[in-house]
Amino acid sequence: MLQRVYDWVDERLDITPMWRDIADHEVPEHVNPAHHFSAFVYCFGGLTFFITVIQILSGMFLTMYYVPDIVNAHESVKYLQGDVAFGTIVRGMHHWGASLVIVMIFLHTLRVFFTGAYKKPRELNWVVGVLIFFVMLGLGFTGYLLPWDMKAYFATVVGLQIAESVPLVGTLTKTLLAGDPEIIGAQTLTRFFAIHVFFLPGALLGLLAAHFIMIRKQGISGPL
Amino acid sequence: MSDEQNHNVSRRQFLTYTLTGVGGFMAAGIILPMARFAIDPVLQAETEGDMKAVTDVSELTENPQRFDFSYEQVDAWVTSEVTETAFIYRSGEEIVALSNTCTHLGCKVSWGSSSDHPNQFYCPCHGGRYEKDGTNIEGTPPTEPLHRYVVEVREGTVYVGKAEPQV
């Protein structure tokens with residue numbers, strides 16, 4: 001059945017070469033854990049992406065109940081976690097995944113660093129990777145405020161004070177992030193929400209695309 | 001693909017099956033909680049329209065009278081007080097409670113407010129009219145009778161439930 005649907009589409013659109021291009025490529029022996037178990041270190045990039053997909057999915061579902069507004073934010077989080085079926089699990093996925101993605105991206109960075117995979121001709125991909133890391137940190141920072149509880153609020157107070165301590169542009173940066181030079185409140189929450197669900201994920205998807213296109217173009221770096 | 005007669009599972013097929021199986025299991029583990037989370041409103045047990053106390057039975061007459069009643073409405077994390085209006089009268093042994101929402105476009109009707117038709121429900125928006133029992137009058141805009149509340153009398157107090165269509 002599935003095969004026939006595929007054949008029907010393939011006959012008209014010739015999709016086989018397309019997905020071959022994406023999925024069908026050689027995995028060298030030195031990165032295949034079936035050959036050398038220690039090659040599992042090459043999995044961290046893929047795991048980072050896997051968790052990122054979970055983050056995007058669980059985040060999409062959370063916005064079905066979440067309200068980015070100082071009156072309702074905390075109540076809506078409480079409701080979706082306490083009263084909606086599987087709310088604890090879906091929020092838990094997003095909560096723990098957020099930490100795990102940072103762990104995975106860090107391990108991936110260590111592997112790239114210690115195998116020297118960042119060297120010529122792959123310097124650009126290292127740069128893009130570092131940008132992805134910053135975007136991830138940004139997602140963590142903005143997402144932390146959204147539950148609008150005490151921990152979220154005061155963590156953001158501290159975070160914004162750090163931003164403010166930057167010479168020359170500090171105050172400007174803080175106002176830009178918080179939406180107000182003094183208050184961390186209504187405007188801060190909506191801003192952080194917009195940054196968290198639209199701007200940074202948009203940037204992330206673009207950077208990930210660049211990251212993957214480059215690795216397909218250049219291939220996986222050689223063995224040590 | 002292996003030929004039709006050969007029922008031995010090839011190494012490639014075995015891997016395809018096991019990997020698809022494991023992959024499918026993992027994907028299901030991720031997707032199912034989210035799907036259940038998303039469709040929760042559909043599966044919420046319908047709050048079997050609580051009956052709300054409106055008035056004493058002794059207050060009722062043969063003529064429809066306006067009664068306002070309020071109740072708490074719980075909408076996820078928001079609880080608010082909602083006020084509804086019913087026209088209630090006695091019809092022999094029976095107690096009839098009609099909704100005041102016009103079935104034409106949802107304006108509010110009232111009893112006998114048109115001096116030309118003192119014994120009908122009248123809607124000021126487009127002149128819709130209804131008989132005392134809620135039946136819409138031919139030639140006026142409404143296309144169905146006024147909705148009728150489920151009524152219950154407990155210890156001399158009139159309770160109403162949900163307003164339901166009469167047809």
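As a basis for the values below, the full set of heavy atoms in this structure was taken, side chains included, without hydrogen atoms, waters or symmetry mates. No experiment lies behind these values; they were computed from the predicted model shown. Within every chain, numbering begins at 1; the chains are lettered A, B, ... in the order of the sequence lines, protein sequences first and strands thereafter.
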Worksheet item: Quick one: does B:Met34's side chain get under 4.5 Å of A:Met93's, heavy atoms only?
Response: yes

Worksheet item: Nearest heavy-atom pair of A:Phe61 and B:Phe37: which atoms, and what distance?
Response: O-CE2, 3.2 Å

Worksheet item: What part of A:Ile89 lies closer than 4.5 angstrom to a heavy atom of chain B: side chain, backbone, both or neither?
Response: side chain

Enumerate, atom names and distances included, each donor-acceptor pair closer than 3.5 Å involving a side-chain atom of residues 146-154 of chain B, sequence neighbours excluded.
{"from": "B:Arg148", "atom 1": "NH2", "to": "B:Glu94", "atom 2": "OE2", "distance (Å)": "2.6"}
{"from": "B:Tyr149", "atom 1": "OH", "to": "B:Glu84", "atom 2": "OE1", "distance (Å)": "2.5"}
{"from": "B:Glu152", "atom 1": "OE2", "to": "B:Arg154", "atom 2": "NE", "distance (Å)": "2.7"}
{"from": "B:Glu152", "atom 1": "OE2", "to": "B:Arg154", "atom 2": "NH2", "distance (Å)": "3.2"}

Discussion item. More than 12 heavy atoms of other residues, nucleotides or ligands under 6.0 Å from CZ of A:Phe212: yes or no?
Written reply: yes

Worksheet item: What part of A:Val84 gets closer than 4.5 Å to chain B, counting heavy atoms only: side chain, backbone, both or neither?
Response: both

Worksheet item: Checking B:Leu43 against chain A: side chain, backbone, both or neither under 4.5 Å from a heavy atom?
Response: neither

Discussion item. Take a 6.0 Å sphere around OH of B:Tyr71 and say whether it holds more than 12 heavy atoms from other residues, nucleotides or ligands.
Written reply: yes

Worksheet entry | Region of A:Val53 that comes under 4.5 Å of a non-hydrogen atom in chain B | neither

Worksheet item: Should the heavy atoms of other residues, nucleotides or ligands under 6.0 Å from CD1 of A:Ile183 be counted, would the total exceed 12?
Response: no

Report all side-chain donor-acceptor pairs from residues 96-104 of chain B shorter than 3.5 Å, counting only partners two or more places apart or in another chain.
{"from": "B:Ser99", "atom 1": "OG", "to": "B:Thr101", "atom 2": "N", "distance (Å)": "3.0"}
{"from": "B:Thr101", "atom 1": "OG1", "to": "B:Lys108", "atom 2": "NZ", "distance (Å)": "2.9"}
{"from": "B:Thr103", "atom 1": "OG1", "to": "B:Tyr130", "atom 2": "OH", "distance (Å)": "3.1"}
{"from": "B:Thr103", "atom 1": "OG1", "to": "B:Glu144", "atom 2": "O", "distance (Å)": "2.6"}
{"from": "B:His104", "atom 1": "ND1", "to": "B:His126", "atom 2": "ND1", "distance (Å)": "3.3"}

Worksheet item: Got a second to check how far B:Ile30's CD1 is from A:Ile54's CD1, nearest 0.5 Å?
Response: 4.0 Å

Discussion item. At under 4.5 Å between heavy atoms, what parts of residues 132-143 of chain B are in contact with chain A? List them by residue number.
Written reply: none

Which atom pairs, one donor and one acceptor, sit under 3.5 Å between chain B and chain A?
{"from": "B:Phe37", "atom 1": "O", "to": "A:Tyr65", "atom 2": "OH", "distance (Å)": "2.7"}
{"from": "B:Asp40", "atom 1": "OD1", "to": "A:Ala85", "atom 2": "N", "distance (Å)": "3.4"}
{"from": "B:Trp77", "atom 1": "NE1", "to": "A:Asn72", "atom 2": "OD1", "distance (Å)": "2.9"}

Worksheet item: Which heavy-atom pair separates B:Pro33 from A:Phe86 by the least distance, and what is that distance?
Response: O-CB, 3.6 Å

